[in-house]
Amino acid sequence: MEKNMNALLEQMTLDEKIAQLVQLATFFYKGAAGDGEITGPMADLGIDQDVVINSGSVLGASGANEVRNIQKEHLAENRLGIPLLIMADIVHGFKTIFPVPLAIGCSWDMELAEKSAEIAAKEAAVSGVHVSFAPMVDLVRDPRWGRVMESTGEDPYLNSLFARAFVRGFQGNDLTNDQHRVAACVKHFAAYGAPEGGRDYNTVNMSERQLRESYLPAYKAALDEGCEMVMTAFNTVDGIPATGNKKLMRDLLRDEWGFDGVLISDWGAVKEQIFHGVAADERESALKSIVAGVDIEMMTSCYPKHLKELVESGEVSEEIIDESVLRILALKEKLGLFENPYRGADEELENQVIMSEEHRKASRELAAKSCVLLKNEGVLPLQKEQKVALVGPFAKSGDILGPWSWHGSKEEAVQLHEGFKMKMDATNLTIAEGSDIETVTEEQVQEAMKAAKEADVIVLALGERSSMSGEACCRADIRLPEAQIQLISKLKELQKPMVAVLFNGRPLDLHGVIDQVDAVLEAWYPGTEGGAAVADLLFGDVNPSGKLTMSFPFSVGQIPVYYNSFNTGRPNRPDAPNHYVSKYLDIPNEPLLPFGFGLSYTNFTYSEMTLTQTIITPNEPITVSVKVTNAGDTAGEEIVQLYIHDISGEIVRPLKELKGYSKVWLQPGETKEIFFTITEEQLRYYHSDLQFTSDNGEFHVMIGPNSKELSALTFELAK
Ligand code: GLC
């Protein structure tokens, strides 16, 4: 392989090499059917047709017919017949849309997560896509940020497991021969999920130690799983934009981690170094990014305008350009594009596999496991013969696919009312909109009151419009829109049992909702089969098992709030009241709903937590066990969680660190003993000298159903 690519490289002119580093949107290409996907600021790039003819990859194309036309036209004009890489955002489904990743995170189910990526890859591959800009593995702690929906949450260990699962699903284990897989591109490197103020693209400020401890593990996990590509983040990392950050990209990603795959900028991020204030012009932007090791410039033209002159002036060696070109050619070779530039694009297969019953069934199953039961005071599950009033802006809405579902069809999504009609006699169901997402009229309220008057139970279908979530969609007020709060308050006057189902892309401040109703089911954006999956849960055909992977704040004033926080020198201890402690005067320190929280229709009890021994050494792990019993009358799945706390480290250690979990299915009355092994490696962390080691001393090990309700035992590390 390498020999062929080196031979090809030797035939390429410098102009052709530089053009390989350019990625353009679909509408630059002959054969394109439309504008493709516009996901960033469009500016006049000022490039000539030669750059297009010799460009290396296209962004946002899909559809077997369109891709074949684009590739055919390109090969007809490209002197050396170098095929295009076709890249697109296939984040949680192609046409069969799965729940948003923050929802999938709540399933704690790596098999189903992997399956969702495998299905997304198959639908994308038969539609001509070669690379998906996913998984996004940015750790998140701030629900004001619009893109938390794209992450699997606030824990580095869990995010790392999901990163691996998604990469396995997208890529499989033979990208060359399995033409129903796509290359994955882990993003956004690095720490894009930590913008100040939760405002997208904003400054990220943190120590290298914290970066390595919390934010980098999931990217590394994706690469350890063989992820082929990395995308740079828009933000600065320690004062330097990631897209020109040599220390982050060349020194850490490439030299320390050994990543020799393709590094692509995010949309326009090469040029944006000018706005950041570290590049005087596009020439300097090109210099910084190519030196940092960024191979592909997405949708700006600093490289094609300036790299040639930078090479001719000697400021950039042609070897650096060659390295980037070879990485891109190697990926094309690995995908088999030189043998078959059309790879998996197949219109007949498109019709067979896309939105197939099998794919929709998988989406429905994962959606049911991704929803989280946040409250239930005796009203769920619903009985099929009950009279139900379904009220709210999401009662009849297809806007349940989330903001990264550009190929999904809202029209084909199963809406909540359709899910209800699968479960109950429609004559017992009344439906009213009740309000819009952000406005409500007296007429809407009266219609809702009328619809609810004869009902046994009111189900409220509420939430955020999908355009209130996702990229560049941050909210400083994370409550449900006031119009919907008013609707709840009016319906409460009827004094009937009320259930709220939430369709939203971020943890919300649930005041005005959870305190006003008898049950709350967090449905996130559940995808194509969302209405059916939610109905499966509400009517008890599926017992809820999802658990939160991102804390729900008590209020926006608490942010950032996350489970793996530190104790501080003045912890607020209710058992030892003191004015001078870390606290608010007006709200509690604890989140409204903690990481790992989720209810079931049954209840699980924990007993007999036991340690095999209390001393652990590097060669002798210890085992901790606990018995879990289904004390209710409904079979269900429990996610048993294992945390540790390093009582005294060289660096302050989180009060809790998730180190394991076990999903256990229990019949009513059944008890199972769950075992966890703790190794010395799991106790390591980054010290002040950035060495990743463990310390002798005392640890607490904790087990429970969430990060708050935990039983603890103590052991000691003795190296
Ligand atoms: C967007 C997003 C990135 C996406 C890219 C291409 O700006 O930040 O996640 O993959 O552009 O669409």
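Just follow the structure's listing: the first ligand is 1, and inside any ligand the first atom is 1.
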Given D138, I90, D89, which has its nearest heavy atom closest to atom 12 (O) of ligand 1?
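When every heavy atom of D138, I90, D89 is considered, D89 comes closest to atom 12 (O) of ligand 1.
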Atom [atom1] of [X] and atom [atom2] of [Y]: how far apart are they, to the nearest 0.5 Å?
X: S466; Y: Y525; atom1: OG; atom2: OH; result: 5.5 Å
X: C473; Y: M468; atom1: SG; atom2: CE; result: 9.5 Å
X: E213; Y: L139; atom1: CD; atom2: CG; result: 11.0 Å

Tell me whether the rings of F234 and Y192 are parallel (<30°), tilted (30 to 60°) or perpendicular (>60°).
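If you compare the ring of F234 with that of Y192, the planes turn out perpendicular.
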So, does R147 sit close enough to ligand 1 that a heavy atom of it is under 4.0 Å from the ligand?
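Yes, R147 has a heavy atom closer than 4.0 Å to ligand 1.
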Would you say M136 contacts ligand 1, with heavy atoms under 4.0 Å as the rule?
no
Atoms in ligand 1 with a heavy atom of [X] nearer than 4.0 Å:
X: F234; answer: 7 (O), 8 (O)
X: K187; answer: 3 (C), 4 (C), 9 (O), 10 (O)
X: H188; answer: 3 (C), 8 (O), 9 (O)

Taking the cut-offs as 6.0 angstrom to the six-membered ring centre and 45 degrees off its axis, would you call K187 and W404 a cation-pi pair?
yes
Checking the N or O distance criterion of under 3.5 Å, is ligand 1 in contact with W267?
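It does not: no N or O of W267 is found under 3.5 Å from an N or O of ligand 1.
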Step by step, would you call I290 with I321 a side-chain contact (heavy atoms from CB on, under 4.5 Å)?
CA-CA 8 Å; I290 199 71; I321 308 287; 4.2 Å; yes
